[in-house]
Amino acid sequence: MLRLGHSFYSQPTLQIARDLLGKRLVRILSGQRLSGFIVETEAYIGEDDKACHASRGRTPRTEVMYGPPGYAYVYFIYGMYHCFNVVTEEEGFPAAVLIRALEPSEGLEWMRRHRPGCPEDQLSNGPGKLCAALAIDRTLNGVDLCTSQVFFIEEGWAVADEEIATSPRIGIRSDEVARSKPWRFYLKGNRWVSR
DNA sequence: TATACGATCACCT
DNA sequence: GGTGATCGTATAC
């Protein structure tokens with residue numbers, strides 16, 4: 001199991017969004033490994049991207065996005081869900097990749113416990129769902145994925161370009177330009193991609 | 001202090 | 001296809 005390091009997170013955001021597909025997201029809980037392979041991502045790039053939280057400038061919430069790459073940006077949304085992003089780009093430039101779906105790998109027992117009554121194939125097929133399944137909350141905001149003992153990303157599958165599809169990002173209402181950008185990446189035909 | 005709304009989800013028709 | 005849940009954040013007053 002090789003953990004991704006600084007060189008990976010130093011690439012351009014769109015490259016990272018693509019390359020994160022097939023990587024393994026790992027959460028250590030009570031000494032147990034909960035993990036899943038990343039099958040869907042979205043890129044949010046800079047203050048000019050109207051869909052990016054940083055489009056309104058630097059605030060307490062977006063502070064992490066302005067920091068160095070390789071850190072976790074976790075935010076709370078709709079009064080009940082968390083979303084997890086990987087911060088990208090050099091310090092001072094706000095950008096991140098939202099992790100939208102996972103194919104569960106290790107710790108299925110725990111994931112089911114975190115999502116009671118949930119059908120097996122919907123444990124982690126959405127940004128809010130995967131955070132619930134892996135117990136990702138705001139206590140992990142600002143964590144360094146390169147050094148944390150409880151939250152990090154490892155090498156996974158080799159993914160060929162032909163296996164990848166792109167589309168506009170999900171859930172963007174605000175802006176026409178932002179909506180048109182094909183900054184969502186997912187594995188074609190993968191059962192765990194969100195709908 | 002007050003208010004509008006959101007990078008979602010589950011459940012309804 | 002549509003809507004309610006539920007609250008932190010940003011912005012306006």
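Every chain is numbered from 1 and lettered A, B, ... according to where its sequence line falls, protein lines coming before strand lines.
- When every heavy atom of A:P69 is checked against every heavy atom of A:E89, the shortest pair comes out as CD-O, 3.3 Å.
- Residues satisfying the side chain to side chain donor-acceptor pair (under 3.5 Å) criterion with A:D161, sequence neighbours excluded, are A:R18.
- With hydrogens and angles ignored, the 3.5 Å screen pairs a side-chain donor or acceptor of A:S124 with a backbone N or O of A:L102.
- At a threshold of 4.0 angstrom between heavy atoms, the contacts of A:R138 are confined to the sugar-phosphate backbone, with no base atom among them.
- Partners of A:S10 by side chain to side chain contact (heavy atoms under 4.5 Å, CB included), not counting sequence neighbours: none found.
- Here A:N125 pairs with A:K129 under the side chain to side chain donor-acceptor pair (under 3.5 Å) rule; sequence neighbours left out.
- Contacts between residues 185-192 of chain A and DNA chain C, defined by a heavy-atom separation below 4.0 Å, involve no residue at all.
- Taking atom C1' on both C:dG1 and B:dA7, the two are 22 Å apart, rounded to the nearest angstrom.
- Remark: A:D144 pairs with A:T147 by the side chain to side chain donor-acceptor pair (under 3.5 Å) rule, at least two apart or across chains.
- For A:E154, the side chain to side chain contact (heavy atoms under 4.5 Å, CB included) criterion is met by A:M1, A:R24, A:V26, A:R33, A:F152, not counting sequence neighbours.
- In this structure, the side chain of A:N85 does not engage the main chain of A:V87 through any donor-acceptor pair within 3.5 Å.
- With A:R169 contributing its side chain and A:A43 its backbone, the two residues share a donor-acceptor pair below 3.5 Å.
- With sequence neighbours excluded, no residue satisfies ring-ring contact (aromatic ring centres under 6.0 Å, His included) with A:Y186.
- When DNA chain C is scanned 5' to 3' for any atom under 4.0 Å from a heavy atom of chain A, the first and last hits are C:dA5 to C:dT11.
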Q: Quick one, give me the B/S/- string for nucleotides 5-13 of chain B, reading 5' to 3', where B means a protein heavy atom under 4.0 Å from the base and S means that only happens at the primed atoms, P, OP1 or OP2.
A: -BBBBS---
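- Using a cut-off of 4.0 Å between Lys/Arg side-chain N and Asp/Glu carboxylate O, A:E120 and A:R112 are scored as salt-bridged.
- Scored by the ring-ring contact (aromatic ring centres under 6.0 Å, His included) test, A:Y75 finds A:H53, A:Y73 as partners (sequence neighbours excluded).
- Annotated stems with DNA chain B as a participant read B:1-6 with C:7-12, B:8-12 with C:1-5, given as range with range, by first number; only runs of 3 or more Watson-Crick or G-U pairs under 3.5 Å qualify.
- Listed by chain and number, the residues in a ring-ring contact (aromatic ring centres under 6.0 Å, His included) with A:W192 amount to none (sequence neighbours excluded).
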